[in-house]
Structures are given as C-alpha cells and as structure tokens.
Amino acid sequence: MVIIIVEFIAVFIAYFVSSFDPQTKTTYDGFGRELSESPWLIKLILEEGRFWAGWKWFVGDLVIFWSGIIIGFNFAKFGFTDKKQ
C-alpha cells in the first residue's frame with residue numbers, strides 16, 4: 001500500500017505543483033522539469049490545456065505510474081494470502 005500512496009504523492013507533485021521563473025520566463029513542475037504548452041493532440045484526447053514536460057516524460061510517467069500501481073497491488077495481494085501450509 002505504501003508504494004501506491006507514494007505513487008499518488010508523486011503524481012500530485014508532478015502535475016499540480018509548479019513554479020515560474022520570472023527571469024527566464026520558464027515554468028517548472030514539482031520535480032524541476034521544464035514545462036511547455038501541450039500539443040493539440042494531448043489537448044484533444046486528454047482535454048489537457050495545461051503545460052506539460054514533453055512526450056518522453058509523458059510516456060515515462062505513465063510507465064512508472066502503472067508499474068508502481070501493479071507492483072503495489074501485487075504486494076498487497078501477496079500480503080493478504082492465507083499461508084496455511
């Protein structure tokens with residue numbers, strides 16, 4: 001369960017925390033990744049009108065998030081199995 005909680009905290013930091021550097025006029029997410037405007041495809045499919053970190057980070061975030069969720073649920077399922085042997 002801890003893995004799943006950490007995953008959701010990381011999602012919150014990555015997608016809901018941002019900062020703006022007025023000297024360089026650059027926006028950063030909670031992990032310090034430089035953000036740019038979302039492409040039209042992302043706006044169309046995901047209805048995402050915010051900034052984003054790019055295709056590589058998008059795919060990487062999806063892989064890391066869903067891998068962590070699957071691993072967390074498998075650990076939880078393994079922990080709840082009955083060991084009557």
Side-chain angles (χ1 to χ4, degrees):
M1 250 358 227
V2 174
I3 293 174
I4 296 170
I5 293 169
V6 169
E7 289 277 332
F8 281 103
I9 291 171
V11 167
F12 181 82
I13 291 171
Y15 289 99
F16 298 111
V17 175
S18 63
S19 62
F20 180 74
D21 185 3
Q23 292 177 339
T24 60
K25 296 186 176 20
T26 305
T27 304
Y28 299 96
D29 70 359
F31 291 120
R33 303 179 293 190
E34 187 175 332
L35 301 176
S36 61
E37 189 173 336
S38 300
W40 66 271
L41 183 62
I42 295 298
K43 289 179 185 177
L44 180 70
I45 294 173
L46 300 177
E47 297 179 6
E48 180 72 30
R50 296 174 18 108
F51 292 111
W52 80 322
W55 284 107
K56 290 178 185 176
W57 283 113
F58 178 74
V59 171
D61 288 346
L62 284 176
V63 169
I64 291 168
F65 177 76
W66 288 111
S67 298
I69 295 296
I70 291 168
I71 291 169
F73 274 118
N74 283 331
F75 278 150
K77 187 172 75 171
F78 177 74
F80 287 118
T81 57
D82 193 16
K83 302 288 186 209
K84 294 181 183 176
Q85 292 185 12

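Quantities reported herein were computed from a predicted structural model and do not represent experimental measurements.
Within 6.0 Å of CH2 in Trp66 there are 12 or fewer heavy atoms belonging to other residues, nucleotides or ligands.
Residues Trp40 and Leu44 meet the side-chain proximity criterion, which asks for heavy atoms closer than 4.5 Å. When side chains are defined from C-beta on, Ile4 does not count as touching Phe75, because their heavy atoms never get closer than 4.5 Å. The shortest distance between side-chain heavy atoms of Phe20 and Ser18 does not fall below 4.5 Å.
A donor-acceptor pair under 3.5 Å is absent between the side-chain atoms of Ser67 and the main chain of Ile64, judged by distance alone.
Across every non-hydrogen atom of Tyr28 and Asp21, the tightest pair is CE1-CB, 4.0 Å. In plain terms, the two heavy atoms of Ile71 and Ile3 that are nearest each other are CG2-CD1, 4.0 Å. The nearest pair of heavy atoms linking Ala14 to Phe31 is CB-CE1, 3.6 Å.
There is no path of hydrophobic side-chain contacts, each under 4.5 Å, that joins Trp57 to Leu62. Hydrophobic clustering (side-chain heavy atoms under 4.5 Å, transitive across Ile, Leu, Val, Met, Phe, Trp, Tyr) keeps Ile69 apart from Ile5.
Between Glu34 atom CD and Phe51 atom CZ the span is 11.0 Å, to the nearest 0.5 Å. A distance of 13.5 Å separates CZ in Arg33 from NZ in Lys56, rounded to the nearest 0.5 Å.
The only member of Val17, Val11, Ile13 that meets side-chain contact (heavy atoms from CB on, under 4.5 Å) when paired with Tyr15 is Val11.
Between Phe16 and Phe12, the ring-plane angle classifies as tilted under the 30° and 60° cut-offs.
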